[in-house]
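Structure, as structure tokens:
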Amino acid sequence: MAVGVFDSGLGGLTVLDAVARRLPDVPFVYLGDNAHAPYGVRDAQDVYELTTAATQRLFDAGCDLVILACNTASAAALRRMQESWIPRDKRVLGVFVPLIEALTERQWGDNSPPREVTIKNVALFATPATVRSRAFQRELAFRAIGVDVEAQACGGVVDAIEEGDLILAEALVRSHVDALLRKMPEPQAAILGCTHYPLLQDVFQAALGPQVTVFSQADLVAESLADYLGRHPEMLGTGQERAFLTTGDARRVSDRATQFLHRQITFQSA
Ligand code: DGL
């Protein structure tokens, strides 16, 4: 029994931490495609090819269920994968829907018609590819009416985090928040629509101000995974080993992961 967690790089570790805390008995296999990060500047075909290759690697490691802990992959590739690629006995889940269900005050899997919700003005921070896909607005429109979304493509932030340059990453976050606030001066809520961004959640919150509720995905995804596995225990898969795999330089990636998560994490080559 093992569940796969995939991201283009280090960001999915924010999700992995939350799911491992929520489900301590489940062995998780993490795969970071650090050799090809960032995904957010790639086109949809490229993201699809990289995401299917990485997902296959996790199936091969004994995972029947894979979480795409990457909004860019969830936005640009997941729907196409579900339509034509995923084998019948496997499942791949994205990170978008739990977040939008929380924002629109819905229980998991509540597919009733869209309705008015409390939050009317939402700031979305995401990678250029996620913003371009408009997947967030599409999922939101299925569930809520009358919500105004202003999206800010946060170019450069993922690269800076992957390079370990936190000073640059923080400066970029402040300037992206400024740009968003010029377009929407009073958002009620902000979505961190990239799993790298919770590593800088304090910087987002400080730049936005205390009156803005910041939604990030890790805990929401953990709850929804626990619920899913409660209903589908057969999807736990055959693998038994916990592992951190990377397509990049394992030593370098281990150092960065240890720096960000403040505990020793040792990656091996995928
Ligand atoms: N963590 C990925 C996401 O959630 C980052 C994508 C990238 O590599 O640009 O979108």
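Atoms within a ligand are numbered from 1 in the order they appear, just like the ligands themselves.
For atom 10 (O) of ligand 1, the closest non-hydrogen atom on the protein side is Thr72 OG1, 2.6 Å. Protein heavy atom closest to atom 9 (O) of ligand 1, with residue, atom name and distance, is Gly40 N, 2.8 Å. Taking atom 7 (C) of ligand 1 as the reference point, the nearest protein heavy-atom neighbour is Tyr39 N, 3.1 Å.
Judged by the shortest distance from any of its heavy atoms, Cys70 lies inside the 4.0 Å radius around the atoms of ligand 1.
No donor-acceptor contact under 3.5 angstrom links the side chains of Asn71 and Thr130, judged on distance only. Residues Glu49 and Gln45 bring a donor and an acceptor atom of their side chains to less than 3.5 Å of each other. The closest side-chain donor-acceptor pair between Thr213 and Gln188, if any, does not fall under 3.5 angstrom. Thr72 and Thr127 share a side-chain donor-acceptor pair at under 3.5 Å. Inspection of the Ser8 and Asp33 side chains reveals no N or O donor paired with an N or O acceptor under 3.5 Å.
Some N or O of Ser8 is nearer than 3.5 Å to an N or O of ligand 1, by distance alone. Between Thr130 and ligand 1, not a single N/O pair is under 3.5 Å apart. Checked against a 3.5 angstrom limit, the closest N/O atoms of Cys194 and ligand 1 fall outside it.
Of all atoms in ligand 1, listed by their number and element, those nearer than 4.0 Å to a heavy atom of Thr127 are 6 (C), 9 (O), 10 (O).
The ring of Tyr197 has its center no closer than 6.0 angstrom to the ring center of Phe125.
The proximity of Asp7 to ligand 1, defined as any non-hydrogen pair under 4.0 Å, is limited to the side chain. If you look at Asn71 next to ligand 1, the close heavy atoms, those under 4.0 Å, come from the backbone and the side chain alike.
Two different hydrophobic clusters hold Val177 and Val149 under the rule that ILVMFWY side chains link at heavy-atom gaps under 4.5 Å.
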